[in-house]
Structures are given as C-alpha cells and as structure tokens.
There are 4 protein chains.
Amino acid sequence: MILIRIDPYSRSPIYEQVIHRISELIMVGDLKNGDKLPSVRTLARDLGVNPNTVQKAYAELERRRIIYTVSGKGNFVGERDVVSRQVSDRLLESLREAAVAARNNAIPYQTVATLVERVYDETDGEGKDE
Amino acid sequence: MILIRIDPYSRSPIYEQVIHRISELIMVGDLKNGDKLPSVRTLARDLGVNPNTVQKAYAELERRRIIYTVSGKGNFVGERDVVSRQVSDRLLESLREAAVAARNNAIPYQTVATLVERVYDETDGEGKDE
Amino acid sequence: MILIRIDPYSRSPIYEQVIHRISELIMVGDLKNGDKLPSVRTLARDLGVNPNTVQKAYAELERRRIIYTVSGKGNFVGERDVVSRQVSDRLLESLREAAVAARNNAIPYQTVATLVERVYDETDGEGKDE
Amino acid sequence: MILIRIDPYSRSPIYEQVIHRISELIMVGDLKNGDKLPSVRTLARDLGVNPNTVQKAYAELERRRIIYTVSGKGNFVGERDVVSRQVSDRLLESLREAAVAARNNAIPYQTVATLVERVYDETDGEGKDE
DNA sequence: GTGGTCTAGACCACA
DNA sequence: GTGGTCTAGACCACA
C-alpha cells in the first residue's frame, strides 16, 4: 500500500504530481526495482481522479524509463539509478535557477545559505529520526 | 531606455517575464522610485508582443503596488521597499521549495550548499565588477 | 495547406501516424524550420479526429524537439537536423530488424537486396521525377 | 527439447513471439514435418506464461496450417512449404515497408543497401560456423 | 484565437 | 484482470 497523495489545489498538474511522487518514493527507497505499481484504475480510484490522468503519468514515467510496462500484467519499478540521474539533474537545475534569481535580485548569499541549512535541519515529516 | 528582454519561446508566460524583469530592475537599483516606465504600447512594440500582454503585466504590478499609475501621465516605479519585501518572499519561498524537494529526494546537503556557493561566485554578466 | 492524411483502418494509432507524417514532411523539406503547423483544433477537424488525439501527437513531437510550442500562438517546426537524426535512427533500426528476421528465416540475401533496389526504383507516388 | 525463448518485457505480445519463433525453427530446419510440439501446458510452464497465451499461439499456427492438431495426441509440425510461403510473404512485406519508409524520408539508397549487406555478413549467433 | 489538463466513458488487445 | 487509444466535451491560462 503506497502512499501517493495529490493536492488538487496545487497549480502543478495532477499527472505531474504523480510523476514526482513516484520518483520520490523510488529515490528514498520506498519503491524498489521490480515492485509492482498500483494499476492505472486502482490508483485512479484511490486518488479520486480519472484513469486517463494516471495513464498519462505512467506513460511519461515509462518514457523516462523510470518504470516499465509488462503488457497485460501492469507497471513495475525500474532501476533506481535511472531515476536518480534524472531526478538529480532536474532538482539541481531548478535549485540553480532559484539561486540565480536570488542573486540577481540582490538577496545576500548568507540569507540563502542559512535557508538551505535550516531546510536540511528540519525533519521532513515522514518519521526521520534525528 | 530600459533593458527589458523576453524570451518568447520560454514556457513561462510573457507577462510574468515582464513582471519579474521589472521587479529585478528595481531590486538592483536600475529603476528608482518615481521613474517613468515605458507606456504599454511602447513596451509592447519594443518587445514585439501584444499590448494586452504588457497591460496584464502592468496591471499585476500595480495590484502588488510595485508600480503606480497616474492617469493620463503613465506608469511609475513605486518604493523599493515594497518590491523588496514581496520579491524576497517569493524568491525565498521558491528556493525553499527547491531545497525541500532536494532533501526529500535524498540529495546530500553538501551538494546543495556547494551549488549555491558556486552560483554566488559567478559573475552574473550584468556589470558586476570582478 | 499541408497534406496530412491518416488511415483510420491502420493498426498503428492515429497519433503515431500524425507524428510520422509530420516528421516525413520535415525530412523531405515540405515543412521548414519556423513554419506554423495547423492548430490542434484545425488539424483535428481536417482529419476528422478528436482534438485530444492531435494534442497527443503534438505533445510527443514537442518532447522530441521536432516541433516547439509558443504559448498562445501555436506549434512551429523545429530544426531539420533534430528530426533527421531521430528519424534516421528509428528507420534504420527497424530496417535492420527486418533484415535480421529475413536472414534468420533463411531468406536469401539476393531476394532482400533486389527488393530494396526495386523500392528505390519506384516513384513514390508524390510526383518525384526520375 | 526445443529452444523457445521469449522476452516478457518486449512490447511484442508473447503469443506472437511464440508464433514467430516456431515458424523460424521450421524455416531453418530445427523442426521438421511431423515433429511433435510440446503440449500447451508444458510449453506454458517452461516459458513461465499463462497457458491461454500458448493456446492462442497454437490456435493461430493451426489456423495458418503451420501446425496441425491430432486430438488426444498433441500438436505437430506441418509441411515446411506452407510456412515458407507465409513467412516469406510477411517478412518481405515488412522489409518492403521499412524500405519505403526509408526512401520516403530521404534516406539514401546506399545507406540501406550497406546496412542489409552488413546484416547478412554477421554471424547470427545461433551456431553458424565461420 | 492558441495549447494544456481533465472528466466520463467506450472499446480493444493481451495475459 | 492489465494497459493503450480514442471520442465528446468542459474549463483554464495565455496572447
């Protein structure tokens, strides 16, 4: 029973939220290579969204080789390395953009550095000890 | 003659690009309280975009009290403090989101810290000496 | 007025037919860098299919950087080189598979070679001279 | 003991893989007229697939008169000529389609001809000497 | 006008 | 049961 939740009020599309959340679950090890994902219909029902929306997310995840489809059987988690490379690239790029914007708007380095530090000091709300 | 440039191919809407660029010019001091902005039509022509798009940007900037309109005279730059507070809030918030995403995806603190450092070490190509 | 036609009876999905046909038109030079493609709705009407189907084709073409989208304006043809590389790769790969299958099934080299020759001797039905 | 192997991750349906592989074994002479094929259940077990899937493959092979069923006894290999004609037709047709696509996409004749030559120069890894 | 997302629901092939 | 394609039609942001 995986924990995928979506925020219907977010401006980011539902299918993207699903993509990100599944990537995240693989990144932190809650989903492992070969694990079966919930079927399109099951996940759609659980999330209260249309199957097409889940289908779109799964199709994109497969295209990125983050998951793979076995016809008639379902979708399965691919290798963590594949996700890792892509996710790191994307996240670091968006982090970089945010930092550049901060710098270009005269926000002091120290402010940014402190903020990052604090984020990493926080518990992420999922039961991390320490 | 202000230098506002937009990237028509970017996925971020043109009107937002205008908002961000004007905010930035105020933040770094290239635009000062009371400076007159180009008229909607002038800027639209210069940028090669639809006047409605510039109008939308100006309207939003006015709504945020970053600029003000004197009817019959034009649009003028508001007080830097007003922009500063808003821009900082927005930028730091998006920086925070990026950092949280990085942390949630098991990207090490050191990687993020180093990236931020490097960004601030770069010259931003807009006339910083050194 | 571009000539995109689809075969509703083909087993290959409509959206793939659209993708292939547009790639082809770029490859042979009938569509050039910067050319505007018909809008999603227009093409859908012309082909007698649902706009979602065209949307899916365009989205995939954009993902492959064969076309690009300018928000609010439409879809435009990208650089021929990008298409060329991808299309060649795909076509030669499928050609290779077909040749391997022929060889593995004891079909003589000469039969295959002659067939390929004949195909290239044919006029392709679009008015090529010679 | 015939060597039929399937790739469960392939996009081509398992039942089709079985059909093609059995046809191939007949074409190269590893299966001869009158040879007994493994039973549906045996083959299904060996391949780790659902018996329905093997059943579907056998049914289609019988429909094409490539194999025949003796009720109560099992399935047997038909005459090589029957397979030969069909397989050649299919393979040459798909080869033709690939060649036409290549030509329509401005891929030079020489490129295609060389590719075919090379394929036939390769050892196919199934025990050809030299 | 443009493209992007989404729901509701059908139909198909495959296992 | 599984995923893939498609229609019909709505709603939204953007130019």
Side-chain angles (χ1 to χ4, degrees), chain A residues 6 8 10-18 36-44 47-62 67-76, chain B residues 6 8 10-18 44 47-57 60, chain C residues 6 8 10-18 36-44 47-62 67-76, chain D residues 6 8 10-18 44 47-57 60:
Chain A
I6 53 151
S10 161
R11 43 272 256 66
S12 90
I14 298 172
Y15 79 90
E16 272 192 10
Q17 295 185 44
V18 173
K36 188 174 186 312
L37 291 166
S39 80
V40 170
R41 287 165 174 81
T42 304
L43 185 52
L47 298 179
V49 302
N50 191 283
N52 282 335
T53 304
V54 174
Q55 172 64 28
K56 188 170 183 177
Y58 277 15
E60 176 63 14
L61 283 164
E62 199 198 1
I67 68 175
Y68 59 87
T69 303
V70 180
S71 136
K73 295 216 167 170
N75 290 283
F76 301 84
Chain B
I6 54 145
S10 162
R11 0 354 214 20
S12 92
I14 295 173
Y15 86 95
E16 271 192 10
Q17 294 185 43
V18 172
L47 298 179
V49 302
N50 193 301
N52 289 336
T53 305
V54 174
Q55 179 56 43
K56 183 167 183 178
E60 177 63 14
Chain C
I6 54 151
S10 161
R11 41 275 256 64
S12 91
I14 298 171
Y15 79 91
E16 273 191 10
Q17 296 184 42
V18 173
K36 189 172 185 313
L37 291 165
S39 81
V40 169
R41 287 166 175 80
T42 304
L43 184 53
L47 297 179
V49 302
N50 191 284
N52 281 336
T53 304
V54 174
Q55 172 63 29
K56 188 168 183 176
Y58 277 15
E60 177 63 14
L61 284 164
E62 199 199 0
I67 68 174
Y68 59 88
T69 304
V70 180
S71 137
K73 294 218 169 170
N75 290 283
F76 300 85
Chain D
I6 53 145
S10 161
R11 6 344 219 24
S12 92
I14 296 174
Y15 87 95
E16 270 191 11
Q17 295 184 43
V18 173
L47 298 180
V49 302
N50 194 301
N52 290 336
T53 305
V54 174
Q55 178 57 44
K56 184 166 184 177
E60 177 63 14

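Proteins come first, then strands; the chains are lettered A, B, ... in the order of their sequence lines, and each starts at number 1. None of the values given here were measured: they were computed from a predicted structure.
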J.: 5'-most contact on DNA chain F: A:Gly74 or B:Glu16, nearest heavy atom basis?
T.: A:Gly74
J.: Do the side chains of D:Leu47 and D:Ile14 get nearer than 4.5 Å, heavy atoms only?
T.: no
J.: From the list E:dG3, F:dG3, E:dG4, which nucleotide is the closest neighbour of the side chain of C:Glu62?
T.: E:dG4
J.: Between B:Pro51 and B:Ala44, what is the shortest heavy-atom contact and its length?
T.: CA-CB, 3.7 Å
J.: Over all strands shown, is C:Val49 touching base, sugar-phosphate only, or nothing at heavy-atom distances under 4.0 angstrom?
T.: sugar-phosphate
J.: Rounding to a whole Å, what distance do you find between A:Lys36:NZ and E:dA15:P?
T.: 15 Å
J.: Give each protein N/O atom lying under 3.5 Å from an N/O atom of nucleotides 9-13 of chain F, with the pair distance.
T.:
unit_1 : atom_1 : unit_2  : atom_2 : d
F:dG9  : O6     : C:Asn52 : OD1    : 3.2
F:dG9  : O6     : C:Asn52 : ND2    : 2.9

J.: Does some side-chain heavy atom of C:Ile67 sit less than 4.5 Å from a side-chain heavy atom of C:Tyr58?
T.: yes
J.: Any side-chain N or O of C:Ser71 under 4.0 Å from OP1/OP2 of F:dC14?
T.: no
J.: C:Tyr15 and side chain to side chain contact (heavy atoms under 4.5 Å, CB included): which single residue from C:Leu61, C:Val54, C:Thr53 fits?
T.: C:Thr53
J.: Roughly how many Å is it from CD in B:Glu60 to P in F:dA15, rounded to a whole number?
T.: 13 Å
J.: Measure the spacing between CZ of A:Arg11 and CD of A:Glu16 and express it to the nearest 0.5 Å.
T.: 13.0 Å
J.: Using atom CG of A:Leu61 as one end and atom P of F:dG4 as the other, report the distance to the nearest whole Å.
T.: 12 Å
J.: DNA chain E: D:Ser12 or C:Lys73, which has the more 5' nearest nucleotide?
T.: C:Lys73
J.: To the nearest Å, how far apart are C:Leu47 CG and F:dC6 P?
T.: 12 Å
J.: What residues form a ring-ring contact (aromatic ring centres under 6.0 Å, His included) with C:Phe76, not counting sequence neighbours?
T.: C:Tyr68
J.: Among E:dT7, F:dT2, F:dG4, which is the nearest nucleotide to the side chain of A:Thr42?
T.: F:dT2
J.: Identify the two heavy atoms, one from A:Lys73 and one from A:Lys36, that lie closest to each other, and give their separation to 0.1 Å.
T.: O-CE, 3.3 Å
J.: Just how large is the angle between the end axes of the helix from E:dG1-F:dC14 to E:dC14-F:dG1, five pairs per end, to 10 degrees?
T.: 10°
J.: Nearest whole Å is fine: how far is E:dA15 C1' from D:Arg11 CZ?
T.: 18 Å
J.: Whole angstroms only, please: what is the OH-C1' distance between C:Tyr68 and E:dT2?
T.: 15 Å
J.: Which heavy atom in C:Gln17 sits nearest to a heavy atom in C:Ser10, and how many Å separate them?
T.: NE2-CB, 3.4 Å
J.: Mind calculating the distance between CD1 (B:Ile14) and P (E:dG1) to the nearest angstrom?
T.: 20 Å
J.: Looking at E:dT2, I'd like to know if its phosphate oxygens (OP1 or OP2) sit under 4.0 Å from a side-chain N or O belonging to C:Ser39.
T.: yes
J.: Take C:Tyr58 and A:Thr53, find for each the nucleotide of DNA chain E with the closest heavy atom, and name the residue whose nucleotide sits nearer the 5' end.
T.: C:Tyr58
J.: Quick one: A:Leu43 CG to F:dT2 P, roughly how many Å, whole number?
T.: 12 Å
J.: Can you see if the side chain of A:Gln55 gets near the phosphate of F:dG3 - specifically, an N or O under 4.0 Å from OP1 or OP2?
T.: no
